[in-house]
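Please read the structure below before turning to the comments.
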Amino acid sequence: VLDINSRRGNKEKYQGEVSLGLLTSSLALEGPIKKGKTSLLLAGRTTYSDWILNMLPENSGYKNGKAGFYDANLLLSHQFSPKNNLYISGYYSHDQFNFLENEKYEYSNANASLQWVHLFNDNFRMVTTSGYDHYDYTTKNWQNDYDAFQMEYDINQYYLKMDFNHSQLQKHRIDWGINAIIYDINPGDIKPYGKESFYVPKTLQKEKALEAALYLNEEWEITPQLTASIGARYSLFNAFGKRTFNTYKEGELPSTLNITGTESKDGNLKTYHAPEFRLGLRYAFTDEFSVKAGFNTMQQYIHKVSNTMVMSPTDTWKLSDMFIEPQKGIQYSLGFYKNLMDEKLEASIEGYYKTMDNYLDYRSGAQLLMNDHLETEVLPTEGRAYGAEFMLKIPKGKFNGWLSYTYSKTELRQNDERISRPANKGEWYPAEYDKPHDIKLVGNYQFTQRYSASLNVDYSTGRPQTMPVSQYYSNTIGATSFVFSERNGVRIPDYFRIDLSFNIKPTHRLNAKTYTFFTIGVYNLTGRKNVYSIYFKNEGKEGMKGYRMSIFGAPIPYASFNMKF
């Protein structure tokens with residue numbers, strides 16, 4: 001779960017921050033529109049990194065590449081009364097890159113929300129939020145003018161939620177609420193790119209659904225040492241809209257071999273509903289040592305479908321419908337937390353185990369992109385995930401930071417009896433995002449009031465992929481055939497990166513109207529060519545060739561001037 005909250009604008013005075021760098025710049029402004037009542041916060045960032053790409057070596061692969069992003073934030077807040085506050089926010093970002101001369105990738109995110117916070121009294125609060133979220137990507141390929149194409153995908157959601165917090169009862173805090181989300185997905189649209197292209201256009205059917213839920217959660221201080229969090233949620237999902245779909249033989253999984261016909265329907269397509277439960281316990285043996293345990297069940301109606309064999313990330317999202325059931329999960333967790341050396345050092349160990357049902361994985365040789373009937377290419381798959389995280393943290397002092405090591409495994413198994421040829425013969429295999437080992441080191445050192453340094457070290461096991469391992473020419477079919485590894489049986493090289501930066505504060509006068517400091521550093525200090533993805537191309541007589549794609553496989557120096565006012 002990622003929860004992002006924007007800082008509220010200052011209602012008393014104007015202030016801002018500007019950062020000017022060699023690669024990126026940013027600006028943030030905030031202040032009162034009506035002092036004490038209404039404030040506005042504006043922020044934006046952009047990059048102009050193409051010049052440094054042109055300075056990279058010829059063999060880097062990015063010599064003539066282009067990459068960039070920009071984003072903007074807006075937050076307007078208004079206090080009608082001490083008990084009523086209104087917040088309006090908006091966000092937009094755009095990213096694009098083309099490292100090859102004939103391919104370009106673009107991504108955009110946008111959201112807007114309206115939030116009303118009402119205090120009934122000091123112990124009873126209501127938060128009502130409505131909003132809109134959008135994500136899209138576009139891929140352009142013009143390797144040949146006659147078959148150049150542009151492929152687009154987007155997902156939109158509209159939501160409304162009401163959350164209530166009640167803490168008037170002694171030793172009890174109760175949260176409850178309702179929420180609803182409308183999904184509107186464009187699974188794919190492909191069309192010719194350029195006047196000379198003869199590419200056949202194709203648009204997939206839109207997917208729509210309504211998800212609604214209500215929940216209740218209680219935080220209960222049973223004793224001064226023991227605290228419990230007990231909750232329940234009931235969710236309802238309804239896929240609807242106009243759809244033309246295949247019908248399949250009863251009792252068999254959907255496939256291109258058992259299609260019995262087609263139907264068209266407009267309205268309710270399929271309804272799912274289920275309860276979800278959660279329990280969390282915390283016991284404090286002393287002020288320095290505590291133990292936490294948790295259990296929760298989950299129901300997810302939207303599925304991510306990924307293709308790891310292509311150069312760039314082209315994840316799509318698929319809604320549950322009459323053929324694809326919701327994902328279900330159960331998770332258990334246990335953690336131990338200890339403060340040492342008079343709270344100068346924090347240590348923790350956390351472990352978890354999770355089971356999953358109806359996870360979507362693909363058939364061998366599946367065509368995932370621009371597929372009208374994705375249910376014929378994916379299979380309901382069983383999953384399990386387990387691991388442990390160890391962390392040491394120095395929270396404050398001249399030297400502060402943390403060191404963490406995570407061991408985690410995520411595995412899948414196609415054990416449905418209706419699957420005639422399950423992946424890896426029905427045995428467990430790693431999921432595409434399985435990375436058993438992950439080490440992170442973050443350190444900050446304050447030399448003086450004016451000088452400080454930061455170090456970041458990041459290591460993780462390479463992701464698994466399914467790759468061709470051999471090829472042969474068949475006289476029977478008159479073509480080259482390829483033999484692939486077991487599902488996700490080969491890993492890309494491990495990831496390793498070191499970043500180093502220094503901060504210089506020119507002045508620390510208490511009565512100064514502006515505050516300035518400089519930052520200089522190097523991203524990817526060792527210049528390691530970390531592999532982002534490995535993709536393959538069939539190059540005719542030369543057969544299948546594999547290519548490694550690295551993002552910024554060289555040390556990237558940066559410098560910025562920062563000013564707060």
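FYI, side chains are in, hydrogens and waters are out, and symmetry mates aren't considered; it's all heavy atoms of this structure. Here the structure is a predicted model, which means the values were calculated and not measured.
Two residues are said to be in side-chain contact when any heavy atoms from C-beta on lie closer than 4.5 Å; T316 and Y137 meet this criterion. Using a 4.5 Å cut-off on side-chain heavy atoms (C-beta onward), R491 and P436 make contact. Contact annotation: the side chain of Y105 never approaches that of D95 to less than 4.5 Å [non-hydrogen atoms, C-beta and beyond].
Ring geometry, H94 versus Y92: the interplanar angle falls under 30°, so the pair is classed parallel (tilted spans 30 to 60°). Between F295 and Y332, the ring planes lie tilted relative to each other; the angle falls in the 30° to 60° range. By the 30° and 60° cut-offs, the orientation of the rings of F164 relative to F124 is tilted.
The line from CG of D321 to CG of L269 is 8.0 Å long, rounded to the nearest 0.5 Å. Separation of atoms CZ (R243) and OG (S264) is listed at 11.5 Å; rounding is to 0.5 Å. How far CZ of R278 is from CE of M298: 11.0 Å, rounded to the nearest 0.5 Å. We find the NZ-CD distance between K191 and Q150 to be 5.0 Å, quoted to the nearest 0.5 Å. One finds the CG atom of D154 at 10.5 Å from the OH atom of Y135 (value rounded to the nearest 0.5 Å). Rounding to the nearest 0.5 Å places CG of N123 at 7.0 Å from NE2 of H166.
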From CA spacing to verdict: salt bridge (charged side-chain N to carboxylate O under 4.0 Å, His left out), E106, K140: CA-CA 9 Å; E106 298 179 73; K140 298 175 182 177; 3.3 Å; yes
Walk me through it: do Y183 and E207 pass the test side chain to side chain contact (heavy atoms under 4.5 Å, CB included)? CA-CA 8 Å; Y183 298 102; E207 296 185 31; over 6 Å; no
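Put simply, the side chain of R173 never gets that close to the backbone of E219: no donor and acceptor are under 3.5 Å apart. Between the side chain of T47 and the backbone N or O of F69 there is no donor-acceptor pair closer than 3.5 Å. The backbone N or O of E325 sits less than 3.5 Å from a side-chain atom of H303, completing a donor-acceptor pair. Panel note: side chain N73, backbone Y91; no donor-acceptor pair is recorded below 3.5 Å. At least one donor-acceptor pair closer than 3.5 Å links the side chain of T260 to the backbone N or O of T247. For the pair Q205 (side chain) and T244 (backbone), a donor-acceptor distance under 3.5 Å is present. When atom types are taken as modelled, the side chain of N258 and the backbone of Y248 share no donor-acceptor pair closer than 3.5 angstrom. With hydrogens and angles disregarded, a donor-acceptor distance shorter than 3.5 Å links the side chain of N424 to the backbone of R487. Under a 3.5 Å cut-off, the side chain of T466 and the backbone N or O of N488 do form a donor-acceptor pair. Checked by atom type and distance alone, the side chain of E252 never pairs as donor or acceptor with a backbone atom of P254 at under 3.5 Å.
Closest non-hydrogen pair, M356 versus R384, comes out as CE-N, 3.7 Å. Closest approach of M126 to W116, counting heavy atoms only: CE-CZ3, 3.4 Å. Minimum heavy-atom separation, I230 to L279: CG1-CD1, 3.8 Å. Scanning both residues, L374 and Q367, for their nearest heavy atoms gives CD1-O, 4.5 Å.
Legend: residues meeting ring-ring contact (aromatic ring centres under 6.0 Å, His included) with F245, ordered by chain and number and at least two apart, are absent. Remark: Y132 engages H134, N156, Y158 in a side chain to side chain contact (heavy atoms under 4.5 Å, CB included) (not counting sequence neighbours). With sequence neighbours excluded, the residues forming a side chain to side chain contact (heavy atoms under 4.5 Å, CB included) with K304 are S306, D315, W317, E432, listed by chain and number. The side chain to side chain contact (heavy atoms under 4.5 Å, CB included) search around F277 returns A232, P275, T297, not counting sequence neighbours. Take Y272 and apply the side chain to side chain donor-acceptor pair (under 3.5 Å) test, not counting sequence neighbours, and it matches no residue. Residues that satisfy the side chain to side chain donor-acceptor pair (under 3.5 Å) test with S25, not counting sequence neighbours, are Y48. Applying the salt bridge (Lys or Arg N to Asp or Glu O under 4.0 Å) criterion to D438, with sequence neighbours excluded, gives K440. K270 meets the salt bridge (Lys or Arg N to Asp or Glu O under 4.0 Å) test with no other residue; sequence neighbours excluded. For S81, the side chain to side chain contact (heavy atoms under 4.5 Å, CB included) partners are K83, N84, not counting sequence neighbours.
Under the side chain to side chain contact (heavy atoms under 4.5 Å, CB included) test applied with W428, the options R413, K409, Q414 reduce to a single match, R413.
Residue pairs meeting the salt bridge (charged side-chain N to carboxylate O under 4.0 Å, His left out) criterion with at least one partner in residues 366-378, sequence neighbours excluded, are K202-D372. Each salt bridge (charged side-chain N to carboxylate O under 4.0 Å, His left out) pair with one or both residues in residues 142-151, not counting sequence neighbours, would appear here, but there are none.
Relative to the six-membered ring of Y495, R463 misses at least one condition, a distance below 6.0 Å or an angle of at most 45° to the axis.
Judged by distance alone, the side chains of D434 and Y429 never bring a donor and an acceptor atom under 3.5 Å apart. Checked by atom type, the side-chain pair N141/Y199 shows no donor-acceptor distance below 3.5 Å.
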Name every donor-acceptor pair, under 3.5 Å, that has one atom in a side chain of residues 415-423 and the other anywhere in the protein, sequence neighbours excluded.
residue	atom	partner	partner atom	Å
N415	ND2	E382	OE1	2.8
D416	OD1	R418	N	2.9
D416	OD1	R418	NE	3.2
D416	OD2	R418	NH2	3.0

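In this structure, D71 pairs ionically with R45, as a charged nitrogen and a carboxylate oxygen lie closer than 4.0 Å. A salt bridge is defined here as a Lys NZ or Arg NE, NH1 or NH2 lying under 4.0 Å from an Asp or Glu carboxylate O, and E486 with K425 fails to meet this definition.
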